[in-house]
Protein chains: 2
Amino acid sequence: MTHDTSGTRPSPTLEMVAAHAGVSRATVSRVVNDTPSVDPELVRIVQKSITELNYIPNRVARSLASRRTNSIAVVVPESTSKVFADPFFASVVEGIALHLTETDYTLNMVIASESRPEKTRGFLLGGNVDGVLVVSHHIGDHSWTHLSGAPPMVLAGRPLDGGEDSYYVEVDNAQAAFGATNLLLERGRRNLAIIAGRQDMPPGIDRLAGWRAAVEGAGLTGELVEIGDFTFDSGAAAMQRLLDRDVTIDAVFAANDQMAAGAYTTIQSRGLSIPDDVAVVGFDDDAFALSVTPQLTTVHHPIVELGKKMAEILVDRIEGRPAERVTRMATSLTLRDSV
Amino acid sequence: MTHDTSGTRPSPTLEMVAAHAGVSRATVSRVVNDTPSVDPELVRIVQKSITELNYIPNRVARSLASRRTNSIAVVVPESTSKVFADPFFASVVEGIALHLTETDYTLNMVIASESRPEKTRGFLLGGNVDGVLVVSHHIGDHSWTHLSGAPPMVLAGRPLDGGEDSYYVEVDNAQAAFGATNLLLERGRRNLAIIAGRQDMPPGIDRLAGWRAAVEGAGLTGELVEIGDFTFDSGAAAMQRLLDRDVTIDAVFAANDQMAAGAYTTIQSRGLSIPDDVAVVGFDDDAFALSVTPQLTTVHHPIVELGKKMAEILVDRIEGRPAERVTRMATSLTLRDSV
DNA sequence: TTGTACGCGTTATCAA
DNA sequence: TTGATAACGCGTACAA
């Protein structure tokens with residue numbers, strides 16, 4: 001006895017339904033699984049018994065017999081203890097969850113504990129899930145990506161380590177950053193800085209590359225670079241360092257909105273005005289973009305859709321349908337008052 | 001064939017390990033489950049075989065036989081499409097996940113789809129999980145709370161509908177709101193308003209009650225009440241209505257930081273100063289409190305801890321250990337610059 | 001179209 | 001302490 005079960009009236013088994021309906025278990029199983037070749041009359045009778053007895057199929061037994069679990073895992077790195085605080089992550093998971101709700105798949109969140117890596121590995125390889133979704137980008141986080149015997153997998157963002165055979169959904173970070181930076185240039189800004197993100201993950205790397213391409217394409221030097229870790233505080237600190245290096249900076253591109261919001265506090269505390277003295281562009285178009293004053297001009301990308309797409313592709317793969325290896329989501333520039 | 005399995009080398013079964021080790025399956029099972037009464041020498045031999053063959057126990061088969069799934073469900077309402085955007089929710093889930101990582105339990109996120117309620121119900125009652133965590137507060141969302149046959153459950157926040165027998169973890173919303181409001185009174189504010197939250201959930205109801213108690217306790221009339229839905233925009237709108245009613249408001253208590261941040265934009269766009277003209281106090285102490293200018297004075301509560309506690313209590317119940325029915329987390333006032 | 005019977009990988013019972 | 005062996009609840013060839 002593992003817990004108080006008073007008042008418990010467990011769901012009947014398939015066998016009990018069969019008895020009640022006066023058919024074999026096989027027939028009940030067929031009705032439950034919508035197998036075409038069943039006498040409509042029998043279908044009716046069985047379904048009646050099912051509702052009368054309040055039968056709920058046992059997913060565990062079903063999995064054992066069918067070798068499919070009908071559940072998929074979402075793996076997130078523990079290292080990023082801020083994963084949940086990151087609106088990007090939250091939105092991806094939301095998209096995944098929303099799509100799966102419309103399917104018969106169940107969502108398993110697994111924290112890739114660094115202290116117990118074998119736990120994650122065992123879970124993923126133990127036949128507990130039909131597929132895996134990975135929302136991390138750190139180098140090294142994909143240690144299980146190329147394991148033989150692993151179920152189908154779809155990544156959020158391009159993999160860092162080769163991974164020619166990986167399936168993933170991403171936004172074109174470099175292109176979007178390029179466009180955002182060009183906006184600043186078009187508005188006449190000439191002394192551009194960037195608060196880049198961690199250089200061990202694609203969004204950090206590619207957004208910096210896009211910024212650099214635009215800046216250097218305009219014949220300017222891309223030297224005003226400071227690195228943050230995508231958090232609010234790191235944005236504020238990076239802005240400090242930038243202004244300490246060059247007070248004449250007239251535009252900043254931040255690799256995400258949280259860091260942009262952090263930069264705001266630094267800029268404004270130095271008596272500088274946004275956008276008059278310093279124009280700011282962010283990336284993500286999340287809640288932070290709206291909560292700051294003046295509201296932030298930022299790169300919008302469909303994060304929830306990205307999550308949905310990941311789930312969609314994974315389910316396609318699981319069920320044997322063809323699927324694109326790489327899907328790129330479109331971005332757009334949301335113009336507000338910070339430029 | 002459901003998907004490409006080239007290169008797959010499935011984990012061996014318990015039986016294969018038994019053969020390899022020259023013992024019976026029962027013995028291997030005992031070793032795997034740390035059953036005390038096994039010859040140390042055999043334990044060694046079996047463990048050797050396990051690592052050599054790279055054996056991973058099949059959780060599904062284990063569940064079927066043992067009638068325990070080693071996984072718990074976190075139920076979130078679909079209605080709140082903003083659940084994931086809500087830092088509170090994210091932190092609770094983070095806490096839950098963090099605690100479960102240290103146990104052998106797995107986390108199942110289930111969206112309580114309103115269009116397919118039977119799916120949620122079936123999942124929860126189908127023996128798929130050993131316990132349930134509910135992070136919603138809406139009236140009606142607990143329709144499955146009192147189902148017989150349901151596994152142990154722990155709620156975030158007090159249940160709205162009686163539920164004398166429920167287990168839950170909460171913060172004392174009324175008490176905290178009372179304290180926050182008293183701070184405003186102590187600072188000499190006399191024309192207090194509140195942007196309350198939805199009145200169909202405890203945080204909305206109780207924080208309003210706390211505010212009212214403090215205001216009326218000071219001999220003032222608690223009439224300046226506007227209701228929001230915990231979102232940024234609703235906070236801005238509510239502040240509009242308040243100022244339209246009475247421009248001499250000198251203090252506002254918002255039921256969460258997001259609404260407080262929304263109120264900021266309204267207040268400042270009317271040319272009023274925070275805190276000189278209007279003092280503001282929020283609730284949650286999340287990222288929004290830091291991203292606004294001036295930084296927000298707000299009620300801090302240990303949300304991640306709350307999640308951890310929920311998971312801890314649920315696991316205790318599942319494993320038959322005694323547990324408190326109601327746990328109340330302490331709050332504190334984080335003083336910043338908005339008062 | 002329906003039923004029989006075996007197997008899925010593990011735990012649990014009962015003898016030995 | 002160890003080993004047969006019967007569940008666990010369902011899917012699915014295969015046979016009828």
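Sequence lines set the chain letters: A, B, ... in the order given, protein chains first and strands last, and positions in each chain run from 1. Hydrogens, waters and symmetry mates are skipped; everything else that's a heavy atom, side chains included, is used.
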Determine yes or no for a side-chain-to-main-chain donor-acceptor pair under 3.5 angstrom, with [X] supplying the side chain and [Y] the backbone.
X: B/S91; Y: B/V304; answer: no
X: A/S11; Y: A/I56; answer: yes
X: A/N108; Y: B/L107; answer: yes
X: B/R158; Y: B/Y168; answer: no
X: B/D39; Y: B/E41; answer: yes

Are there more than 12 heavy atoms of other residues, nucleotides or ligands under 6.0 Å from atom [atom1] of [X]?
X: A/M329; atom1: CE; result: yes
X: A/E15; atom1: CD; result: no
X: A/E324; atom1: CD; result: no

- Pick base, sugar-phosphate or nothing for B/R59, based on heavy-atom distances below 4.0 Å to the nucleic acid.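 Answer is nothing: B/R59 stays at 4.0 Å or more from every strand.
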- Task: Select base, sugar-phosphate, or nothing to describe what A/R67 touches, counting heavy atoms under 4.0 Å on all strands.
- Result: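 Counting heavy atoms under 4.0 Å across all strands, the contact made by A/R67 is with sugar-phosphate only.
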- Those residues that, when tested against B/T13, pass side chain to side chain donor-acceptor pair (under 3.5 Å) (two or more places apart):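 Partners of B/T13 by the side chain to side chain donor-acceptor pair (under 3.5 Å) criterion come out as none, since no residue qualifies.
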- Query: Can you name the side chain to side chain donor-acceptor pair (under 3.5 Å) partners of A/T27, sequence neighbours left out?
  - Reply: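 With neighbours one apart ignored, the set is A/S24.
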- Which residue lies more 5' along DNA chain D, comparing B/L64 with B/R30 via nearest heavy atoms: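 Its nucleotide being nearer the 5' end, the pick is B/R30.
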- Item | d(CG, B/L53; P, C/dG9) in whole Å |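 So the two atoms are 15 Å apart, to the nearest Å.
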- Query: How long is the line joining CG of B/N70 and P of C/dT10, in whole Å?
  - Reply: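 In whole Å, C/dT10 P lies 14 Å from B/N70 CG.
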- Message: Report for the helix from C/dT1-D/dA16 to C/dA16-D/dT1: angle between first-end and last-end helix axes, five pairs each, rounded to 10 degrees.
- Response: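 Answer for the end axes of this duplex: 30°.
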- Task: Shoot me the first and last contacting nucleotide of DNA chain D against chain B, ordered 5' to 3', at under 4.0 angstrom to non-hydrogen atoms.
- Result: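 The protein-touched segment is D/dT1 to D/dG9.
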- Message: If you take any heavy atom closer than 4.0 Å to DNA chain D, which residues from residues 16-29 of chain A end up in contact?
- Response: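 Heavy-atom cutoff 4.0 Å gives A/R25, A/A26, A/S29.
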- Query: Where along residues 32-46 of chain A does a heavy atom fall under 4.0 Å from DNA chain D?
  - Reply: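 The answer is A/N33.
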- Query: Can you name the closest pair of heavy atoms from A/G95 and A/K308 and give their distance?
  - Reply: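 A/G95 and A/K308 have their closest heavy atoms at O-CG, 3.3 Å.
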- Report yes if at least one side-chain N or O of B/R62 is closer than 4.0 Å to OP1 or OP2 of C/dG9; otherwise report no.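 For B/R62, the contact criterion (side-chain N or O under 4.0 Å from OP1 or OP2 of C/dG9) is not met.
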- Query: A/D130 and side chain to side chain contact (heavy atoms under 4.5 Å, CB included): which partner among A/I318, A/V315, A/L314, A/T106?
  - Reply: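 So the option named by the test is A/I318.
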- Message: Rounded at 0.5 Å granularity, tell me how far CZ in A/R68 sits from OG in A/S63.
- Response: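 So the CZ of A/R68 and the OG of A/S63 are separated by 8.5 Å.
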